[in-house]
Protein chains: 2
Amino acid sequence: MYKKKRSVTIQDVAKAAGVSASTVSRALNGKSDVAGETQERILTVIDELGFTTNLAARSMRSHKKNLIGLIMPDIAYPFAIEVMKGVNRAIAESEFDLLVYTTGSVRKSGRAYAERKYVSLLTKSISDGVIIVAPVVGEFNTDEPIISIDPVMSNPTNPAVHATNYHGSVEAMDYLIELGHKRIGYIGGRVELESSNRRLLGYRDALKKANLPIDEELIASGDFTTETGISCSRMLLSLPNRPTAIFASNDQMAMGVFQVAEEMGLRIPEDLSVVGFDNIPESKYLGLTTVDQFISEMGYVATQMVIKIINGIPLDQQTYRMQTRLVIRNSCQALGNPKNSDGSIGSPQFRAIDLKGEGGERQ
Amino acid sequence: MYKKKRSVTIQDVAKAAGVSASTVSRALNGKSDVAGETQERILTVIDELGFTTNLAARSMRSHKKNLIGLIMPDIAYPFAIEVMKGVNRAIAESEFDLLVYTTGSVRKSGRAYAERKYVSLLTKSISDGVIIVAPVVGEFNTDEPIISIDPVMSNPTNPAVHATNYHGSVEAMDYLIELGHKRIGYIGGRVELESSNRRLLGYRDALKKANLPIDEELIASGDFTTETGISCSRMLLSLPNRPTAIFASNDQMAMGVFQVAEEMGLRIPEDLSVVGFDNIPESKYLGLTTVDQFISEMGYVATQMVIKIINGIPLDQQTYRMQTRLVIRNSCQALGNPKNSDGSIGSPQFRAIDLKGEGGERQ
DNA sequence: AACGATACCGGTAACGTTACCGGTATCGTT
DNA sequence: AACGATACCGGTAACGTTACCGGTATCGTT
């Protein structure tokens, strides 16, 4: 083990300043009953000795940590990163600091176990509240300040933030149907997430509403990764009567569709229309038409909500529903129309490069 | 404040299992001197009561935390995100968990102060070791397990990981010079970072080596953000004798160059060649030729290094130098040559869309 | 002059865990 | 039969901080 010399404690500061530890503690925490001169002397000593509060000891005694924990299954996927950006923004505006905790590649006992463990660990030990992203677990201890983003259930018992997945899905489908598409492939996401189910339901209902047949052959199920986007679209596009459009239930899978289309020599949108879901930053480079669910904004709102809970302020609503918005770019075309759907001409990928962040974030 | 009921402690478990707290502790920590039957009974009780160790208490007593802290100024910029991906990968392979700490938008006392504070806080309180990204502070307490990525100094007193910035810069410049460019604009980054200075030095030396004049007018100084990439390139491209190529010292600033070029009606690479530095994911969508510094890999290596330090294993080298590599895409062209530099034809942006991750990560 | 209010500070205990010491029961060995 | 080795367990103290109680000095008020 790494040997470390004893660090400077509040006792050392007290001795050096000629006061008791209690007084140092009061000075540290900005209590009123410390004489101005004493306060100054203590702060000087703290500076000289390089003292910093031992968070573990403080938290054990006072149960205050000024820390918010963010639990994510993994850090390296766009959804998580976007959430983090929003969380970070809210943190910067608050008195809290951020602690990002990843369950990593779960080594033992499965994700549900890991989630419960970490939530308990964080709420009890080192953070005041917890935000959990795309959890597997449906219910957590309701008397702990915890909020989920994209929770397992539609009407969770814990406070939660999620997008209007059903509405967004219907909107995307309506758009494709309006463009004249009748055979629309669907690539589903992780089935254990309610968001997946809602999007699929939207797909089905939109077809029903338009009196279009639902062909189960056109419904493929992925897991939100580009890999399954590839395998699913390969399957869909190999069908004898292949779809003229594909609705991928997230952008990463839509990226897989782009890749397979290129492999198969299909041009987007001339030969195939594609719609995604999420509006991750990559989408604008691809010119992908997608449903923006304002991921970063969800992180922002969720953070504000935990802070409220921690401070005992009642929430306006237990569940915050983020309004989705269809962002139309260049990956769709009216069926049989040589021109781009927006009436422009030219290679869509060229126009796709829009660095100004169109369809970006709400402010 | 949020009211929380007293949580389950090791005492409760002890009572329920009919043993002492010591024994529960031993069972928890997998010590050998616990009877198999006792161990099982304790684990059952732990499960029933939903007990989890209070990390604060454990850490205070045992000084072990199995946690590594990652300190970054901000979470929302590509460099930081890439580092995090690498760190996360190494963490997943280890017995440690990850704690990401951001200094956020520093509210008081400046970044240097915040950095020192957080480092001390993390090493003393809640983590076993710390990785700090692009620090402002040059030296940290050498007897604490801390490692910097992209440190302030070239030969830091603390262990560090950085790319071969000078070499990468020279390589990029050699490439442009080889393509016949003589007036090459340069956009510098944050001056307080040694990496910036090394890149600038590479720029100068490459010109010297090629017997090309160094025109100070062509050297603009940004701060690694797209905004300064825009302002600097606007300045450079407005010069009476404008450069035929621009070397932006990171990709985000290169993105600014793309934007300004579009505004001014300059085609890339036909009218202007651009090279970046970093190889962030966005670069491949832009078809940006850039110097890959394997950011994620730097995070990976840095993490392995802290873990070694924590475990008392001596490091092979105090400073790890990540070899850069020039990734040639479509943003450069030989001067006066109507064809693309790689001999292909067609809109570069079109070909830029390479989803397969060319120029990606080392495995 | 006596009293209460106020400002300021110190001492003690406690947060929940684990390191350390030491103790008992059991069993094999001579 | 006596002893040592071993397995297993409990008690105590300590990690560094802050909550809480209570105490003194000072000063204004009646």
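Chain letters run A, B, ... following the sequence lines, proteins first and then strands; every chain starts at 1.
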task = Starting from P on D:dT17, measure out to CG on A:Leu55 and report it in whole angstrom.
result =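 Rounding to the nearest Å, CG of A:Leu55 and P of D:dT17 are 10 Å apart.
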ask   = What's the CG-C1' distance between A:Leu28 and D:dG16, to the nearest Å?
value =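 So the two atoms are 12 Å apart, to the nearest Å.
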task = Output all residues satisfying side chain to side chain contact (heavy atoms under 4.5 Å, CB included) with B:Arg61, sequence neighbours left out; order by chain, then residue number.
result = none
key: Contacts of type side chain to side chain contact (heavy atoms under 4.5 Å, CB included), residue B:Ile146, not counting sequence neighbours   =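 Side chain to side chain contact (heavy atoms under 4.5 Å, CB included) list for B:Ile146, sorted by chain: B:Val119, B:Val130, B:Ile132, B:Phe140, B:Asn158.
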Are any of [X]'s side-chain N or O atoms less than 4.0 Å away from OP1 or OP2 of [N]?
X       : N      : result
B:Ser25 : C:dT18 : yes
B:Arg58 : C:dT18 : yes
A:Lys31 : D:dT18 : no

query = Taking 4.0 angstrom as the limit, do A:Arg89 and A:Glu297 come out as a salt bridge?
reply = yes
task = Please state whether the base of C:dT17 and the side chain of B:Arg61 form at least one donor-acceptor pair under 3.5 Å?
result =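 No pair found.
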Which donor-acceptor pairs under 3.5 Å do the side chains of residues 28-36 of chain A make with protein atoms, sequence neighbours left out?
residue: A:Asn29; atom: OD1; partner: A:Arg58; partner atom: NH2; Å: 3.4
residue: A:Asn29; atom: ND2; partner: A:Ser25; partner atom: O; Å: 2.7

task = Treat primed atoms plus P, OP1 and OP2 as sugar-phosphate and everything else as base, then score nucleotides 5-11 of chain C 5' to 3': B for base contact with protein heavy atoms under 4.0 Å, S for sugar-phosphate contact only, - for none.
result = ---SBBB
B:Asp128-B:Asn66 side chain donor-acceptor pair, cut-off 3.5 Å =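 Their side chains do not contain a donor-acceptor pair, so the 3.5 Å distance test is not met.
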inquiry  = Please list, in numerical order, the residues of residues 44-54 of chain B that have a heavy atom closer than 4.0 Å to any atom of DNA chain D.
reply    = none
remark   = Base-pair string, DNA chain D, Watson-Crick plus G-U, cut-off 3.5 Å on both distances, | for inter-strand, is ||||||||||||||||||||||||||||||
